[in-house]
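Before any comments, here is the structure.
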Amino acid sequence: MRADARRNRDQILAAARRIYLAEGFTVPMEEIARAAGVGVGTLYRRFPDRDALLRGLAVDAIQRVTALGEAAWKEEPDAWSALRRFVHEGGELNRVVAAVRPHLIDAVPEDEELFRAGVAWFELLSRMVVAAQEAGDMRADVAPGDVLLMLNLLHRPLPGLPGDLAAGLPDRFLDVMFDGLRGGGTPLSGEPIERWWT
């Protein structure tokens with residue numbers, strides 16, 4: 001992709017992330033183009049319809065979050081610290097993925113790029129969870145699928161909340177989640193969830 005085409009794509013995705021998180025998915029595509037500073041024709045050449053834009057948002061967000069996680073894995077002193085940094089730094093990107101997921105859930109198994117991006121993200125999360133458990137920093141009665149589901153629930157948009165409150169909730173509740181994931185604590189009901197898809 002040429003530099004100008006990539007720049008346009010990045011501007012479109014950044015505008016869509018910001019607007020869709022604030023206003024929902026009914027915002028006209030023309031408003032996304034205007035906010036991105038590109039022509040409507042440029043937007044539709046790259047993303048022919050709303051589904052294509054949502055797919056692009058999901059793939060981009062998952063890949064960006066995975067890159068943040070890989071950096072945390074290399075730079076942090078232990079897996080527990082890397083995991084905390086990974087999920088906190090994901091912030092807006094994780095909220096995008098959680099918001100877009102219901103619109104794309106049927107497409108994921110058939111969409112190779114989207115599926116590959118999700119697998120890479122989950123493999124990184126799994127590596128961190130297992131290493132943190134082996135180090136004794138994380139309780140042993142949870143599995144990577146548990147953590148994934150908790151993250152999805154924490155980042156899912158809640159209608160009716162003021163924007164500033166909604167934006168701050170994930171980080172606050174992630175801290176509560178990590179306190180619960182520490183080694184020890186009350187035994188959990190049910191079995192650990194490794195994964196629920198095939």
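Side chains are part of it too, since the values below use all heavy atoms of this structure and drop only hydrogens, waters and symmetry mates. Throughout, residue positions are numbered sequentially from 1 according to the sequence presented.
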Inset, instruction - Could you check R84 against E89 for salt bridge (Lys or Arg N to Asp or Glu O under 4.0 Å), going step by step and ending with a plain yes or no? - result: CA-CA 8 Å; R84 286 190 68 112; E89 281 191 349; over 6 Å; no
Legend entry - Charged N-O contact under 4.0 Å between R127 and E70: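 Salt bridge: yes.
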Between [X] (side chain only) and [Y] (backbone N and O only), is there a donor and an acceptor less than 3.5 Å apart?
| X | Y | value |
| --- | --- | --- |
| Q133 | R139 | yes |
| N8 | A5 | no |
| S126 | F122 | yes |
| R50 | F25 | yes |
| Q11 | A36 | yes |
| S81 | P77 | no |

Looking at side-chain heavy atoms only, is the closest gap between [X] and [Y] below 4.5 Å?
| X | Y | answer |
| --- | --- | --- |
| V129 | P144 | yes |
| E31 | P28 | yes |
| L83 | L125 | yes |
| L53 | I12 | yes |

So how far is it from [X] [atom1] to [Y] [atom2], rounded to the nearest 0.5 Å?
| X | Y | atom1 | atom2 | result |
| --- | --- | --- | --- | --- |
| T66 | W121 | OG1 | CH2 | 8.0 Å |
| H88 | R85 | NE2 | CZ | 12.5 Å |
| F47 | L54 | CZ | CG | 10.0 Å |
| D141 | D146 | CG | CG | 8.5 Å |
| L151 | L174 | CG | CG | 6.5 Å |
| I32 | L43 | CD1 | CG | 8.0 Å |

Inset, instruction - Determine, step by step, whether T42 and R45 satisfy the side-chain hydrogen bond (donor to acceptor under 3.5 Å, both in side chains) criterion, reporting the C-alpha distance in whole Å, the side-chain angles of both residues, the deciding distance to 0.1 Å, and the verdict. - result: CA-CA 5 Å; T42 299; R45 273 194 302 276; 3.2 Å; yes
Inset, instruction - Mind running side chain to side chain contact (heavy atoms under 4.5 Å, CB included) on L181 and M150 for me, showing each step along the way? - result: CA-CA 11 Å; L181 288 173; M150 283 189 281; 3.8 Å; yes
Inset, instruction - Could you tell me whether E75 atom CD has more than 12 heavy atoms of other residues or ligands within 6.0 Å of it? - result: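 Yes - once you tally the heavy atoms of other residues, nucleotides and ligands closer than 6.0 Å, there are more than 12.
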Inset, instruction - Inspect the surroundings of CZ in R172 and state if more than 12 heavy atoms from other residues, nucleotides or ligands are less than 6.0 Å away. - result: no
Legend entry - Verdict with supporting geometry, R9 and D60, side chain to side chain contact (heavy atoms under 4.5 Å, CB included): CA-CA 10 Å; R9 177 182 176 277; D60 179 71; 4.1 Å; yes
Inset, instruction - Could you verify whether a donor N or O on one side chain and an acceptor N or O on the other, from R95 and Y20, lie under 3.5 Å apart? - result: no
Do you know the tightest heavy-atom contact between [X] and [Y]?
| X | Y | result |
| --- | --- | --- |
| G69 | M128 | O-CE, 3.3 Å |
| A61 | V96 | CB-CG1, 4.2 Å |
| V100 | A58 | CG1-CB, 4.1 Å |

Legend entry - In one Ile/Leu/Val/Met/Phe/Trp/Tyr side-chain cluster, 4.5 Å: F173, M177: yes
Inset, instruction - Examine V40 and L57 and state if one hydrophobic cluster contains both, with Ile, Leu, Val, Met, Phe, Trp and Tyr joined whenever side-chain heavy atoms are less than 4.5 Å apart. - result: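 Both belong to a single hydrophobic cluster.
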Inset, instruction - Kindly indicate, with the supporting measurements, whether the criterion side chain to side chain contact (heavy atoms under 4.5 Å, CB included) is fulfilled by L93 and L68. - result: CA-CA 10 Å; L93 296 168; L68 291 173; 4.2 Å; yes
Legend entry - Identified ring-ring contact (aromatic ring centres under 6.0 Å, His included) counterpart of W80 within the set W73, F86, F178: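 One option only clears the test, and that one is F178.
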Legend entry - Test side chain to side chain contact (heavy atoms under 4.5 Å, CB included) applied to D111 and R55, step by step: CA-CA 9 Å; D111 189 318; R55 178 197 171 280; 2.4 Å; yes
Legend entry - Derivation and outcome, salt bridge (Lys or Arg N to Asp or Glu O under 4.0 Å), residues E112 and R116: CA-CA 6 Å; E112 187 175 341; R116 276 201 321 267; 3.0 Å; yes
